[in-house]
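Remarks on the structure that follows.
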Amino acid sequence: MSAGFSTLTIALLLQSAATPVAPPTAPVSAVAHPEIWPTANARPLRDPKVEARIEAILKRMSVADKIGQLIQVDIASIEPSDLRTYKLGSILNGGNAGPGGNDLAPPIEWLKLADQFYDASMARSDGRPAIPVIWGTDAVHGNNNIPGATLFPHNIGLGAARDRDLMREIGHVTAIETAAAGIDWTFAPTLAVVRDDRWGRTYESYSEEPQIQADYAGAVIEGVQGKVGTKDFLAPDHVIATTKHFLGDGGTGGRDQGDARIPETTLRDIHLGGYPAAIEAGTQSVMASFSSWNGAKMHGNKSLLTGVLKDRLHFDGFVVGDWNGHGQVDGCSNESCAAAINAGLDMFMYSGSGWKTLYANTLKQAQSGEIPAARLDDAVRRILRVKIRAGTFDRGRPSSRALAGKMTLIGAADHRAIARRAARESMVLLKNEGGLLPLKPSANILVAGGGADNIPQQAGGWSLTWQGGGTTNADFPNAQSIWSGISTAVKDAGGSATLSADGRYAKKPDAAIVVFGEQPYAEFKGDRPNLEYSPDDKSDLDLLRKLKAAGVPVVAVFLSGRPLWVNAELNASDAFVAAFLPGSEGGGVADVLFRKKDGSVANDFRGKLSFSWPKRPNQYTLNRSDPGYDPLFAFGYGLSYAKPGTVPKLDEARPAGIAASFNGTVFGKGRVPEGWSLTLVEQGQSKVRLLGVNATTATRRLTASAVDRRRQEDARAFVWAGGPADTRIEASGPLDLTRESNGELSLVIDVRVDRPASAPVALGMVSTNGTTVTVPITKTLATAKVGDWQQVIVPLQCFAKRGIDMAQVTAPFVIATDGKLGLSISDVKIDSAPVPMTKCGD
Ligand code: BGC
Ligand code: BGC
């Protein structure tokens, strides 16, 4: 920050109100007692030939070679040629990474890149052993990063299907489509037992009850890796599985990367769930959880990673970290963390430009003995063991392997048929008054709602992009929308179907199917303060009500990553289907909604809730085993044609005191969130709150007025007349943006320079106690074309590095200058944006 800002900074400091903070609760113990945990037996049993091969390789490796095996880097942060010099163990593609920086790169590009990394890893002329690099990907509902892949329902829907055999088939198809692209390893299955449905990863969980995880784990791992003890195990049509996130990820009170404050017995009896079964089915890797247990980060918890997982459960594969998760261990940074390795982590998952520093630091820690030689060798042995078992030493370049390059396998018809069956089986019928369903396909059907012809929405997060946004139907070449499935079924039976997103029709239909629900999200972007569906926008409800009022029988098909409070929507529908996130095969929805042509039932509903459905928006911890359990629809609920039932009229009143949600929008459509304020601040004067559209400070140094960008008065113009002044947006209470900052989100503002600045300009944030930090944006604004809208993006990490308390942000946006300036602002967001984490303003 330039010196010219001293007065300004003082002004900012003076103006910021300090809000008292509650002290953290005292930690419960974070040390586990392995002897009270169940045991398991790792499979396959150790093969002496494999072990001898490991020892022979290990003997010829330098310490630097060994360190290399411990590091996995995101392909956005490394080039294949780097592996000629640095012999790293693994690469991954994060949810937003693709070959050549293209998330939507076709399958063949993935295979080509896999060859390039492999070739570089094998290039060696110093007599040391060449060790093939392995590539890991989040194939969490099919090989979902690759365009055209079969997309299965997300886990919450699969949990409702209660079909163990289906899980084996899904695992196998996922493996085939992953292997076809030349990728060795998937970061799945997720065995989180999610106990608080506010969490944005609820849909990645099979169930709130560990029994389903325990039932499914073995089958899905067998599908992915092949059956242990048979020649199928890690054969070329299989890939390495990861069981994640160890442990207690679903117990953090709905907070992503949060803290599970629970007794050891709860961690064991609820959250261990499917792990013993996964280990016995031979899972070759386990991912450490981002979360903490009783205040201590899992990546550093030796009693759990080593004591429970390795020693007690006899897991003999390797433990991979989660996305710089090691950097969150006390005393660690992303580039240095001996503590995680010493706790039992075997491979760092690293993203960012500093992997060479991580390599150098880890090497130093091994040389100094801070990481004991025996621990280092144990980690390397585990990684080599998996690589040998998976055939990576023997099967040559990715493109020369049995399935590689067979791109017709990606989205193959028989794979899609399994996904369609899965979609069908995952539908849960919540309501069906008067036996409205199954519909006659020969009828006149209106199909409405924003989700009807929307493949990105039915696929959810982790679909081509990390958050599942930014794509259209055209990006999913082998998929079918729900509308398309309905239209085909109706046309085949001689009926008529009309798509009308807003529900308008020319001829009154016999019935309307309204498809609506949550927009895609992943991880923390889906965290919610309560379970009210769409608190700020009731247009879906209005649509249901409008149709019902017109006397049209209404079938609601609800797309969501979790149970939500939809009492009003249930009341406004005659039939209501919880469809969760069905994936690429929208046809699976029509399969259960329509009769056969001859009038008989084609497919009955078989989905049963694997998560309890709330009766009130604040029932986010609602689990069958809780005392006072009082759901709207209990765990296991699901109507069918064979077993109908009725649902009475439900209470629609929102209980008082439910917090409004912060969804990342700081300013948009001319508004700040409810309870927030946009203010103008002039040194030595009291703040002026912008209530309507016009305001000015005491001596007129700063003035605001309305501007139309995309719609009437959706932006504000600010004019600085000279002399220190700022405009800022203050939240209703301190915001915790730590997760957003760890998740590499940025402060993104849409601005238009109306009049160039005469002095330096700063963009800042304020945290409790008035700590203000700024980054300079003078040059950025100076190079902007006057009168044109543009984005200014500053990673949250820039503010964190400059010393703001990310857990207590009171004002996430401040723009300040001492000079003259004219600036219009239409949007201020906390969002993911393509910018290097080190690009801190000018
Ligand atoms: C997620 C993991 C995922 C990894 C790699 C993390 O943010 O927590 O589930 O496997 O990223 O994309
Ligand atoms: C990556 C994800 C990862 C996340 C971690 C994203 O940028 O694409 O794969 O899980 O960061 O927060």
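As the structure lists them, so they are numbered: ligands from 1, and atoms in each ligand from 1. In what follows, residues are counted from 1 in the order of the sequence shown.
For the pair Arg255/Thr738, a side-chain contact is recorded, criterion being any heavy-atom separation below 4.5 Å from C-beta on.
Of all atoms in ligand 1, listed by their number and element, those nearer than 4.0 Å to a heavy atom of His245 are 2 (C), 8 (O), 9 (O). Every atom of ligand 1 with a heavy atom of Phe187 under 4.0 Å away is listed here by number and element: 10 (O). Close approach of ligand 1 to Lys244 (heavy-atom distance below 4.0 Å) involves ligand atoms 2 (C), 3 (C), 9 (O), 10 (O). Near Asp322, with a cut-off below 4.0 Å to any heavy atom, the atoms of ligand 1 are 1 (C), 2 (C), 3 (C), 4 (C), 6 (C), 7 (O), 8 (O), 11 (O).
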query: Between Gln213 and Tyr275, is a side-chain hydrogen bond (donor to acceptor under 3.5 Å, both in side chains) present by the stated rule, with each step listed?
result: CA-CA 8 Å; Gln213 280 79 349; Tyr275 281 87; over 6 Å; no
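Asp215 meets the side chain to side chain contact (heavy atoms under 4.5 Å, CB included) test with Arg164; sequence neighbours excluded.
With salt bridges taken as basic N to acidic carboxylate O contacts below 4.0 Å, one links Asp831 and Lys525. Ion pairing between Arg385 and Asp346 fails under the 4.0 Å rule for side-chain N and carboxylate O. Comment: Arg201 does not engage Asp249 in a salt bridge, judged by the lack of any side-chain N to carboxylate O separation of less than 4.0 angstrom.
When non-hydrogen atoms are compared, ligand 1 lies under 4.0 Å from the side chain of Phe290 (C-beta onward) but not from its backbone. The part of Arg201 lying near ligand 1 is the side chain, judged by heavy-atom distances below 4.0 Å.
Around atom 12 (O) of ligand 1, the closest heavy atom drawn from Asp138, Leu92, Asn145 belongs to Asp138.
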